[in-house]
Every structure is written in structure tokens, then in C-alpha cells.
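All residue numbers in this chain count up from 1 along the given sequence.
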Amino acid sequence: MCCAFYHLCGGCSDDVIYMSLPLYHKSGALLGVGGCIGIGASLVLKERFSASQFWSDCRRYEVTIFQYIGELCRYLTNQPQNEDECRHKVRLAAGSGLRPDVWKEFSRRFGKIKIFETYGMTEFNITFLNYTGNPGAVGRGTFLYKRFCPFELIRYDTQQGEPIRDGAGRCHRTSTGETGLLISPVTPTSPFLGYVGSRELSEKKLLRDVFQLGDCYFNTGDLMMQDDLGYVYFRDRTGDTFRWKGENVATTEVSEIMSALDGFQEVNVYGVSIPGHEGRTGMAAVTLRPGHQLDLEQVFSHVKEFLPPYARPRFLRVMDHMESTGTFKQQKHRLVQEGFSPEHIQDPLYLLDEAACTYRPLTEDLYNRIMTSDLRL
């Protein structure tokens with residue numbers, strides 16, 4: 001199936017594929033190298049991804065297809081403009097994790113490159129293919145497609161971290177436009193073989209008696225939404241979405257909105273716990289574009305205009321560099337653990353001040369007042 005990947009994308013034996021993803025990951029080894037073998041194309045294997053060398057490499061090796069994952073395309077749009085970015089033969093970009101805001105900027109800046117966004121998992125046979133090029137969607141779940149690759153979206157409680165069940169213990173499908181947990185049936189033709197290690201590790205990924213007694217579904221851990229045209233959109237990971245003021249906050253959506261500010265190069269949104277408050281409140285770690293100064297009043301105006309009160313990040317952390325994984329995904333776990341203490345964090349920290357219509361520096365005194373519930377958010 002992996003060898004057929006580039007064939008599904010529209011590749012052929014005349015193509016030259018640029019591969020800079022790590023080969024320990026399925027996307028690099030199986031879809032990238034395997035997909036190249038599958039169509040008999042040529043492969044340019046880059047030892048390490050370099051945003052500054054990308055377009056010059058594409059020109060030098062006459063690349064026609066490249067594969068992306070996670071934030072890779074954002075790194076390209078964050079680079080200063082150069083003549084090579086429009087003097088290339090790249091016609092197709094295939095991969096997963098391309099955010100809508102980056103998709104639009106990428107298409108505007110780098111020419112007529114068809115984007116083939118996909119969704120898949122190493123451990124289970126659930127796949128989406130955005131073959132129509134609708135920006136932001138991972139694919140389209142039509143009636144016929146669901147016959148080939150069945151899936152369901154069910155209502156999910158982000159506070160409890162589990163699907164919502166009724167009095168009979170059954171789950172309920174989401175309505176059109178409603179965000180829900182993506183699950184897929186485990187069957188003899190679509191089995192879940194499990195993880196290495198104890199059986200409990202594998203069992204945690206299974207949901208039983210979902211719609212009827214005895215059925216079994218694989219829990220992807222991803223929150224998705226399907227619109228009235230059948231397009232499916234990734235919203236967030238279940239562990240990343242948090243609840244504040246009785247509302248669900250999807251970190252991916254808040255990040256996309258804040259990334260629209262010209263001065264922000266990268267935005268990473270996550271939830272932090274505060275004593276005396278239920279749930280978690282939003283915090284945004286950001287990096288600034290070269291040559292841009294932080295305008296706190298502008299940031300406040302932007303989040304007030306485009307985000308509802310419960311989704312506005314209460315804390316802002318300005319970093320020099322944003323850490324990412326080997327597959328170009330933003331790191332959240334360490335940021336969540338570090339919290340918002342100015343004593344332990346050297347980066348500038350700011351607190352949302354709605355009365356003053358700005359973000360103000362988070363001092364030790366303000367921090368202590370928040371931790372003792374003397375200052376309520």
C-alpha cells in the first residue's frame with residue numbers, strides 16, 4: 001500500500017522526489033522511499049532538512065515532487081524570499097499536517113504546486129486523501145469512501161478525557177460541523193495488531209461496546225470535524241485540547257488565528273493549570289519574525305477580534321527558538337510542565353489585561369497573586 005502512495009498522488013517514473021524526512025519514520029521510509037520504488041522514480045535523499053537550502057536543492061536536482069510533514073512547509077514560508085523559490089520544477093507536494101494558514105501562504109508564494117494532503121497512522125488502517133485540494137481538509141468522507149475506509153466521529157468529553165456515553169453506555173455520533181473523536185472499526189480485514197510490550201498498552205487504544213454490545217473501535221486520539229460537503233478537518237489531539245470557562249479550546253485553531261499576526265513566526269498554544277480554577281487556561285509560546293518588534297496592544301486587539309473570551313490565551317511567552325520533534329511537530333509537553341512562573345522561565349512572560357486592552361509583563365508579584373487566588377483570571 002505504501003508503494004502505491006505516489007501513484008495515488010499522481011506521480012510517475014519521470015519524477016524526481018526530494019526526501020528530507022527522517023527514515024526512522026513511516027513517512028520517510030515507507031511512503032517516501034517505498035513510494036518512490038513503487039513508481040520507479042528517482043530519489044534525492046537529503047541527510048537533514050534545511051529550509052535555507054531547500055529551493056536551491058530543488059533547482060540543482062530538478063526536483064518535481066517533495067514530501068512534507070508537520071511544520072516543514074511553515075519553515076519554508078518563514079524563510080526570506082529568494083529567486084530560487086520561483087525558478088524550480090516542483091509540481092507536487094505530498095504529506096500530512098499542513099495547516100490552512102500555511103497552505104494559503106505556500107500556494108501564494110511558491111507557484112503552481114499541487115498540494116496533496118493526507119492523514120494516516122502507522123498502527124492502523126485508517127486513511128484520508130485530500131484529492132480535491134481543498135485547503136485545510138485532510139480528505140473527504142463520502143458514502144462510497146466510508147465503504148472502503150469506514151470511520152465515525154463521536155462526541156468526546158475533553159475534561160474527562162473519554163468519549164461521552166449515554167445511560168446505556170453507548171456513544172453518539174457528532175452532528176455536521178461538530179468536532180468529535182475519530183474512531184474506526186476493528187475487523188478481520190482491518191485488524192489492530194497492537195503495540196510491542198504489555199497487552200494493556202494496546203487495549204488502551206480500543207473502545208468497546210461503542211454503538212452496540214460487542215463492537216470494537218480503534219481510538220485515533222484525534223479530534224476531527226466533518227462539514228456539510230463531507231470534507232474532514234483535523235482539529236486537535238485529545239491531550240492538547242483543554243477546557244476553560246466551561247468551553248472546549250482547540251489549540252490548533254487558536255494557533256492558526258494567532259499566526260495571522262505579521263510579527264509572529266511560530267505560535268504554539270497549550271493549556272496550563274491554575275490553582276482555584278477548573279480546567280486549564282490558554283498560554284501561547286511565540287517566536288518573532290526577524291526585524292519585528294513585539295506590539296502587545298496589537299496582539300490584544302487581534303485576539304479580542306478573532307477569538308471568543310474563553311479561547312484567548314491568558315499568558316504569552318516570547319521565545320528565541322521553538323523546539324520541534326524529529327518529524328517537525330511542535331513540542332508541547334515541556335512547555336506545559338514549565339508553566340508560567342517568571343522565577344523559573346527566563347523568556348519574557350506577559351499576562352492578558354483586558355481592562356488596559358493589552359498584555360502586561362508578568363511579574364513575580366502578579367504570579368504570586370494568581371497562585372494564591374488573590375488575582376482571578
Side-chain angles (χ1 to χ4, degrees), residues 1-2 24-27 29-30 69-70 96-97 118-128 138-139 141 146 149-174 178-226 232-243 248-252 269-273 278-280 324-327 329-337:
M1 290 179 67
C2 289
Y24 60 76
H25 194 272
K26 174 184 177 180
S27 294
L30 298 183
I69 193 172
S96 59
T118 67
Y119 172 89
M121 305 194 76
T122 305
E123 64 268 54
F124 196 71
N125 299 328
I126 183 168
T127 304
F128 289 109
V138 298
K146 291 187 74 171
C149 185
F151 71 92
E152 301 287 351
L153 296 178
I154 60 174
R155 289 177 175 156
Y156 185 80
D157 188 332
T158 56
Q159 186 78 7
Q160 299 296 324
E162 58 186 29
I164 298 173
R165 294 182 183 260
D166 59 22
R170 302 291 176 260
C171 299
H172 292 271
R173 295 174 176 86
T174 58
E178 180 184 1
T179 298
L181 177 66
L182 176 66
I183 62 174
S184 184
V186 177
T187 65
T189 56
S190 185
F192 173 55
L193 302 179
Y195 300 110
V196 174
S198 65
R199 183 176 179 83
E200 287 75 15
L201 292 173
S202 301
E203 190 62 30
K204 287 180 180 179
K205 294 295 292 185
L206 299 177
L207 296 174
R208 301 187 183 277
D209 306 329
V210 176
F211 300 115
Q212 61 186 26
L213 190 65
D215 65 12
C216 181
Y217 282 76
F218 178 80
N219 177 1
T220 65
D222 289 330
L223 298 175
M224 303 283 208
M225 184 275 289
Q226 188 169 20
V232 179
Y233 299 83
F234 175 82
R235 283 294 178 250
D236 220 349
R237 292 288 298 169
T238 52
D240 294 341
T241 290
F242 58 90
R243 195 166 179 82
N248 294 333
V249 181
T251 60
T252 303
V269 175
Y270 48 97
V272 291
S273 300
E278 291 187 6
R280 291 183 289 164
S324 61
T325 67
T327 51
K329 296 177 182 177
Q330 289 180 332
Q331 292 271 26
K332 292 182 186 285
H333 183 67
R334 184 180 65 83
L335 295 175
V336 171
Q337 286 185 320

With rounding to the nearest 0.5 Å, note down the distance linking [atom1] in [X] to [atom2] in [Y].
X	Y	atom1	atom2	answer
Tyr270	Gln331	OH	CD	12.5 Å
Gln337	His333	CD	NE2	3.5 Å
His172	Arg165	NE2	CZ	10.0 Å
Ile126	Tyr119	CD1	OH	6.0 Å
Tyr195	Leu201	OH	CG	9.0 Å
Thr252	Arg237	OG1	CZ	10.5 Å

Salt-bridge contact Arg208-Glu203 (side-chain N to carboxylate O under 4.0 Å): yes
Neighbour count above 12 (heavy atom, 6.0 Å) for Arg199 CZ: no
Do any N or O atoms from the side chain of [X] and from the backbone of [Y] form a donor-acceptor pair under 3.5 angstrom?
X	Y	answer
Tyr156	Gly161	yes
Ser184	Pro150	yes
Thr241	Asp236	no
Asp157	Pro163	no
Asp215	Val210	yes

Less than 4.5 Å apart, side chain to side chain, heavy atoms only: is that true for [X] and [Y]?
X	Y	result
Thr238	Leu223	yes
Leu182	Phe234	no
Arg170	Asp209	yes
Asn248	Thr179	no
Arg243	Glu278	no
Gln330	Ser324	no

Aromatic ring pairing Phe218/Phe192, orientation class (parallel under 30°, perpendicular over 60°, tilted between): tilted
Aromatic plane relationship, Phe151 with Phe128 - under 30° parallel, 30 to 60° tilted, over 60° perpendicular: perpendicular
Non-hydrogen atoms of Arg173 and Glu152 that approach each other most closely: NE-OE1, 2.9 Å
Shortest non-hydrogen separation from Arg280 to Gly239 and the atoms involved: NH2-O, 3.6 Å
Qualifying residue for side-chain contact (heavy atoms from CB on, under 4.5 Å) with Leu181, from Thr158, Leu207, Thr174: Leu207
From CA spacing to verdict: side-chain hydrogen bond (donor to acceptor under 3.5 Å, both in side chains), Asp240, Thr251: CA-CA 6 Å; Asp240 294 341; Thr251 60; 4.7 Å; no
